[in-house]
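Remarks on the structure that follows.
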Amino acid sequence: MSSYFSDLAQQYIDGEWRPGTGSWDVIDFNPYDDEKLASITVATVDEVDEAYRAAARAQKQWAATNPYTRRAVFERALRLIEEREQEIADLIIAELGGTRVKAGFELHLAKEFLRESVHLALRPEGKILPSPADGKENRVYRVPVGVVGVISPFNFPFLLSIKSVAPALALGNAVVLKPHQNTPIAGGTLVAKIFEEAGLPGGLLNVVVTDIAEIGDAFIEHPIPKVISFTGSDKIGRHVATVCAANFKRSVLELGGNSALVVLDDADIDYAVDAAVFSRFVHQGQVCMAANRVLVDRSIADEFTEKFVAKVRSLKVGDPRDPETVIGPVINSAQANALAGAVEQALEEGATALVRGGTHGNLVEPSVLTDVPAGSALLRQEVFGPVVFLVPFDGEEEAVRLVNDTPYGLSGAVHTGDIERGVAFARQIDTGMFHVNDGTVHDEPLVPFGGEKHSGIGRLNGETTLEAFTTIKWISVQHGRSGFPF
């Protein structure tokens, strides 16, 4: 695994591995033990420009390549991941503090999305539409947008880079990828290495490891990319959307969430406890779909709370390399401090700590808080870590109001003994995704993924990926002769 970090600590531009020419380095640390994994000299504005220009040069020929030929690249990439699965899992554990379960989950989904990209290469279809004009034929072509810029986050970097990179390439585009500076290998150069070895021609995928401190808005302002696919916070997403709109670009924004898992009075309580604990604490709660809030009907709140608290107390916190560990480190000290601050704020506002976890370096133990005042900002914002708010409610009407009382609308879940009651509840919630009798954390290759309100714009997966990374072109053919008024 160590060779991955040393070999891939470079920029990948126009098919070449080379150091950046910036004046400072991104230092890649293991968040569990602070071991230095890699040092990467940042890319400059000039190198971002080189990457985009290389992508534009390579894209035309790639778009003209037979889609069956393009498809073979993704089949080989999938085989490479399968062959190196354990090595890649070890890298994910080291670079972002993911547990073995989390690394397996991320790799499973990454492979599923690559499988879908194999088929996606063959999916674009054209149409011939009728015309009111005699002799005219209207052809509608679905064509690549050209070059796509991808900005991926630190929490599922390998998956969420592949989720945009692979379909964009499969559909005939070229890509420039900027991974998060905390996960430059798993989210960036490892992806480039896999596609390079799978036979992707040079220039079609470029990776620039850099930061806005070095390049400002150059990555999203550049004239070449027609679409920017961004996954991250709503604060940055708002800026990305603004800059894209000002530069006539399309943006696909997968942003934060403040999901609720709702337990109605007829739910299977033990099952709901399991779903709620997973939905909040998978990958230390650093998941946009995680259940920040667990809402429980007051009639069953005592029993649910007792079982929920007992299960949370049983979660092992520690070294993510240990297969028994459920909760590893959060990504960095800033996140750890912010979470400790959120717990302190809740307690100062009058909340009760049913479980109050300590903070040890980047290890943040779980906290379960209840009696958070209804007006607290904490109930409306995203808390990105192992802190959960238990909120009792009286009846479905109040539950719907509480779930919707947030600027976010990404995911959620409801537990009930009556499936159609659950569906009726779900239809009242202002989210892009909602699940009946399941957890809040789901992603599947064929199902539209995305949020409402501050949780994003646009969708990915399945048919919506075609919409994201292609455009429509109308070509008319006049087989006879048109008549003109002058």
Side-chain angles (χ1 to χ4, degrees), residues 153 155 231-242 253-263 276 279-281 284-296 298 301 305 308 312 330-359 364-394 397-413 428-432 434 440-441 451-457:
N155 57 342
T231 306
S233 73
D234 60 307
K235 179 182 176 183
I236 308 279
R238 182 188 297 270
H239 179 71
V240 171
T242 302
L253 306 175
E254 302 289 346
L255 309 179
N258 180 22
S259 298
L261 186 142
V262 181
V263 187
S279 296
R280 173 65 274 190
F281 296 106
Q284 295 74 271
Q286 298 175 119
V287 184
C288 56
M289 295 169 280
N292 284 10
R293 302 168 292 154
V294 176
L295 278 56
V296 188
R298 201 177 299 276
T305 300
F308 182 81
V312 171
V330 296
I331 193 67
N332 55 39
S333 59
Q335 287 287 114
N337 292 338
L339 290 163
V343 173
E344 285 294 334
Q345 178 184 335
L347 295 175
E348 287 171 5
E349 291 177 356
T352 301
L354 302 175
V355 179
R356 186 177 182 187
T359 301
V364 179
E365 296 169 342
S367 290
V368 180
L369 304 171
T370 192
D371 302 326
V372 180
S376 174
L378 291 169
L379 292 174
R380 292 172 178 79
Q381 68 192 48
E382 182 173 47
V383 178
F384 216 58
V387 178
V388 65
F389 305 118
L390 279 182
V391 182
F393 63 85
D394 296 294
E397 188 175 331
E398 183 182 23
V400 169
R401 181 182 62 77
L402 291 171
V403 174
N404 284 332
D405 187 16
T406 175
Y408 297 97
L410 187 59
S411 186
Q428 299 176 72
I429 307 303
D430 301 328
T431 59
F434 208 84
T440 62
V441 180
E452 298 296 324
K453 302 192 282 191
H454 290 196
S455 288
I457 296 173

Can you tell me if R293 uses its side chain to pair, donor with acceptor, with the backbone of V403 under 3.5 Å?
yes

Nearest heavy-atom neighbours spanning F308 and A276
CE1-CB, 3.8 Å

For the pair L339 and T359, evaluate side-chain contact (heavy atoms from CB on, under 4.5 Å) and give the outcome as yes or no after the intermediate values.
CA-CA 9 Å; L339 290 163; T359 301; over 6 Å; no

Using only atom types and a distance under 3.5 Å, with no angle test, would you say the side chain of E382 pairs donor to acceptor with the backbone of G257?
yes

Do you know which two heavy atoms are closest between P407 and R380, and how far apart they sit?
CD-O, 3.2 Å

Does the side chain of T370 reach to within under 4.5 Å of the side chain of T305, using non-hydrogen atoms?
no

When rounded to the nearest 0.5 Å, the distance separating OG1 of T431 from NZ of K453 is 8.5 Å

Here the gap from L255 atom CG to I457 atom CD1, rounded to the nearest 0.5 Å, amounts to 7.5 Å

N404 backbone acceptor or donor facing D430 side chain under 3.5 Å:
no

Quick one: are V330 and Q286 in side-chain contact, heavy atoms under 4.5 Å?
yes

Considering all heavy atoms of both residues, which atom of F281 and which atom of V387 are nearest to each other, and what is their separation?
CE2-N, 4.5 Å

Residues two or more places apart in sequence or in another chain: which of them pass salt bridge (charged side-chain N to carboxylate O under 4.0 Å, His left out) with R356?
E344

Distance check, rounded to the nearest 0.5 Å: N332 atom CG versus N337 atom CG?
9.0 Å

Got a sec: does the CZ of R238 have more than 12 other heavy atoms crowding it under 6.0 Å?
no

The criterion is salt bridge (charged side-chain N to carboxylate O under 4.0 Å, His left out); which residues satisfy it with D371, sequence neighbours excluded?
none

Of all residues at least two apart in sequence or in a different chain, which pass the side-chain contact (heavy atoms from CB on, under 4.5 Å) check with S411?
S259, M289, M433, H435, T440

Quick one: does S455's side chain have a donor or acceptor within less than 3.5 Å of a partner on G256's backbone?
yes

Suppose we screen for salt bridge (charged side-chain N to carboxylate O under 4.0 Å, His left out). Which residues come up paired with E452, at least two apart in sequence or across chains?
R459

On a heavy-atom basis, the closest approach of N258 and T406 is ND2-OG1, 3.1 Å

Might you work through the side-chain contact (heavy atoms from CB on, under 4.5 Å) test for N292 and Y408, ending with a clear yes or no?
CA-CA 11 Å; N292 284 10; Y408 297 97; over 6 Å; no

The complete set of salt bridge (Lys or Arg N to Asp or Glu O under 4.0 Å) pairs with one or both residues in residues 330-341, sequence neighbours excluded, reads none

For L295 and A399 the tightest heavy-atom approach is CD2-O, 4.0 Å

R280 side chain vs G285 backbone, donor-acceptor pair below 3.5 Å
yes

How long is the span from the CG atom in L354 to the CG atom in L369, to the nearest 0.5 Å?
7.5 Å

Please report the closest heavy-atom contact between A301 and V296, naming both atoms and the distance.
CA-CG1, 3.8 Å

Partner residues of Q335 under the side-chain hydrogen bond (donor to acceptor under 3.5 Å, both in side chains) criterion, sequence neighbours left out
none

Look up atom CZ in F389 and atom OG in S376, then write down how far apart they are to the nearest 0.5 Å.
6.5 Å

